[in-house]
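Structure first, then comments.
Side-chain atoms are counted along with the backbone in the values below, which use heavy atoms only and exclude waters and symmetry mates. Remember, it's a predicted structure, so these values are computed and weren't measured experimentally. Chain identifiers are assigned alphabetically (A, B, ...) following the order of the sequence lines, protein sequences preceding nucleic acid strands; residue numbering begins at 1 within each chain.
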Number of protein chains: 2
Amino acid sequence: MDRRERARAERGALIVRTARELAEADGWDAVTTRRLSEAVEYSQPVLYGHFKNMQAIVTAVALDGMVELAAVLRSAREAGGIRGLAEAYLGYAEEHPATYAAIFTRRTDLVFGAAESPEILKITFGELAAAVEPYANGDVETLTEVFWSALHGQAALNQEARLRPAQRTDRIEQLVKLVTG
Amino acid sequence: MDRRERARAERGALIVRTARELAEADGWDAVTTRRLSEAVEYSQPVLYGHFKNMQAIVTAVALDGMVELAAVLRSAREAGGIRGLAEAYLGYAEEHPATYAAIFTRRTDLVFGAAESPEILKITFGELAAAVEPYANGDVETLTEVFWSALHGQAALNQEARLRPAQRTDRIEQLVKLVTG
DNA sequence: ATCCCGATGCTAGCACTGCTAGACAATCTA
DNA sequence: TAGATTGTCTAGCAGTGCTAGCATCGGGAT
């Protein structure tokens with residue numbers, strides 16, 4: 001039956017959604033197999049019928065987040081160019097810290113360079129590249145990496161309260177100015 | 001007796017040194033209280049006579065690393081200006097990934113903004129500021145934060161193999177060019 | 001309608017984690 | 001030498017990720 005198939009897929013999505021909610025609410029350390037299985041109202045082994053291990057669940061959250069992030073960046077860039085994109089990127093990292101951490105700071109199974117699940121990664125990278133391209137007079141790809149790293153650095157250091165909160169917009173502004181010249 | 005005091009201090013240093021070695025060899029996940037206590041040839045409770053918990057040991061490694069990093073940045077800046085400093089910063093992160101992670105990517109007790117243990121943090125930040133200062137026509141501190149974030153972003157994304165390895169020096173070069181104009 | 005079998009879900013448990021109480025031994029003080 | 005203090009260990013607790021093995025339920029064949 002494919003009703004079963006649908007029910008199964010729905011449950012898989014429920015697991016991912018719940019894991020993400022738990023993580024955003026109490027941090028990834030609070031997302032244990034026991035708490036998660038209790039939250040979805042199934043026993044622990046059910047989780048392993050859907051995902052190889054806990055790491056795979058985090059990866060699933062990361063992929064969902066990546067899709068979201070790509071969409072956010074796209075519309076922000078179309079509306080506000082590189083400045084809008086930079087603001088949107090850091091905004092996303094602040095609004096969904098656990099999801100952002102799943103994508104970028106926690107160790108994941110996601111292989112970035114290879115041809116495994118790179119489609120959404122390429123799309124996101126493409127958004128960054130499109131924002132940077134008008135200001136690159138040489139190697140667009142490398143400048144994109146530099147710009148992306150700069151954004152990620154601000155997101156990461158921001159999240160651990162290592163940068164002065166009041167200067168948040170100033171930092172974005174300065175970074176954009178550096179790139180646009 | 002202060003012979004005891006010295007022996008005790010030496011043992012504390014041994015714990016930190018060993019934790020760091022274990023982390024650099026096999027990653028922080030492999031640094032458990034049991035493995036660490038076995039490596040220093042004491043039982044687990046001894047660790048807790050020196051440190052409040054495992055987190056405090058990581059913090060101690062981070063502080064040691066921060067002192068090292070400050071010294072590295074200083075001599076690199078004096079010899080090679082901002083370009084030398086950038087190269088040295090990323091070099092340190094690559095050569096001591098676990099130590100760098102203890103300082104910046106793992107969650108630590110280190111409060112950065114407050115007046116608790118900020119001396120070495122201020123010194124390191126000062127090195128970055130000194131490197132950036134000649135090229136800042138406005139707010140040095142904010143530009144330093146932007147530059148630092150950009151370096152940290154490259155270090156972090158580099159460590160997780162998310163940037164093309166071959167373009168490593170190109171990225172440093174581009175970043176330096178952005179700042180120096 | 002009944003039997004069977006595969007899928008689905010659970011209980012219980014393993015080896016590991018950080019951390020600690022309480023017993024024992026070694027050392028210094030008087 | 002007796003007492004106190006310091007140091008160290010064994011044993012154990014609660015919690016972790018993960019899995020073997022047993023129930024139970026539903027759909028298809030006879």
To the nearest Å, give me how far apart [atom1] ([X]) and [atom2] ([N]) are.
X: B:Asp26; N: C:dT17; atom1: CG; atom2: P; answer: 13 Å
X: A:Lys52; N: D:dC18; atom1: NZ; atom2: P; answer: 8 Å
X: B:Asn53; N: C:dG18; atom1: CG; atom2: C1'; answer: 9 Å
X: B:Met54; N: C:dT20; atom1: CE; atom2: C1'; answer: 16 Å
X: B:Arg8; N: C:dA26; atom1: CZ; atom2: P; answer: 20 Å
X: B:Leu36; N: C:dT17; atom1: CG; atom2: C1'; answer: 14 Å
X: B:Ile15; N: D:dT8; atom1: CD1; atom2: P; answer: 10 Å

For this session: For D:dG17, take OP1 and OP2 only and decide whether either is under 4.0 Å from a side-chain N or O of A:Thr33.
Result: yes
For this session: Taking only the side-chain nitrogens and oxygens of B:Arg35, find out if one of them lies under 4.0 Å from OP1 or OP2 of C:dT17.
Result: yes
Closest approach to the side chain of [X], judged atom by atom: which nucleotide of [options] is it?
X: A:Tyr42; options: C:dT17, C:dC10, C:dC19; value: C:dC10
X: A:Val46; options: D:dC18, D:dT8, C:dC10; value: C:dC10
X: A:Ser43; options: C:dC10, D:dC18, D:dG12; value: C:dC10
X: A:Pro45; options: C:dT11, C:dC19, D:dC18; value: C:dT11
X: B:Tyr48; options: D:dT8, D:dC18, C:dG18; value: C:dG18
X: A:Arg11; options: D:dG7, C:dG9, C:dG18; value: C:dG9

Problem set entry | base_contact_polar (D:dG15 base, A:Arg34 side chain, donor-acceptor, <3.5 Å) | no
Problem set entry | Base of C:dC10 paired with side chain of A:Gln44 (donor-acceptor, under 3.5 Å) | no
For this session: Inspect the surroundings of CZ in A:Arg74 and state if more than 12 heavy atoms from other residues, nucleotides or ligands are less than 6.0 Å away.
Result: no
Could you tell me whether the side chains of [X] and [Y] share a donor-acceptor contact shorter than 3.5 Å?
X: B:Arg171; Y: A:Ser149; result: no
X: B:Gln44; Y: B:Thr33; result: yes
X: B:Glu68; Y: B:Tyr92; result: yes

For this session: Applying side chain to side chain donor-acceptor pair (under 3.5 Å) between A:Tyr100 and each of A:Glu94, A:Arg106, A:His152, A:Glu95, report the one that passes.
Result: A:His152
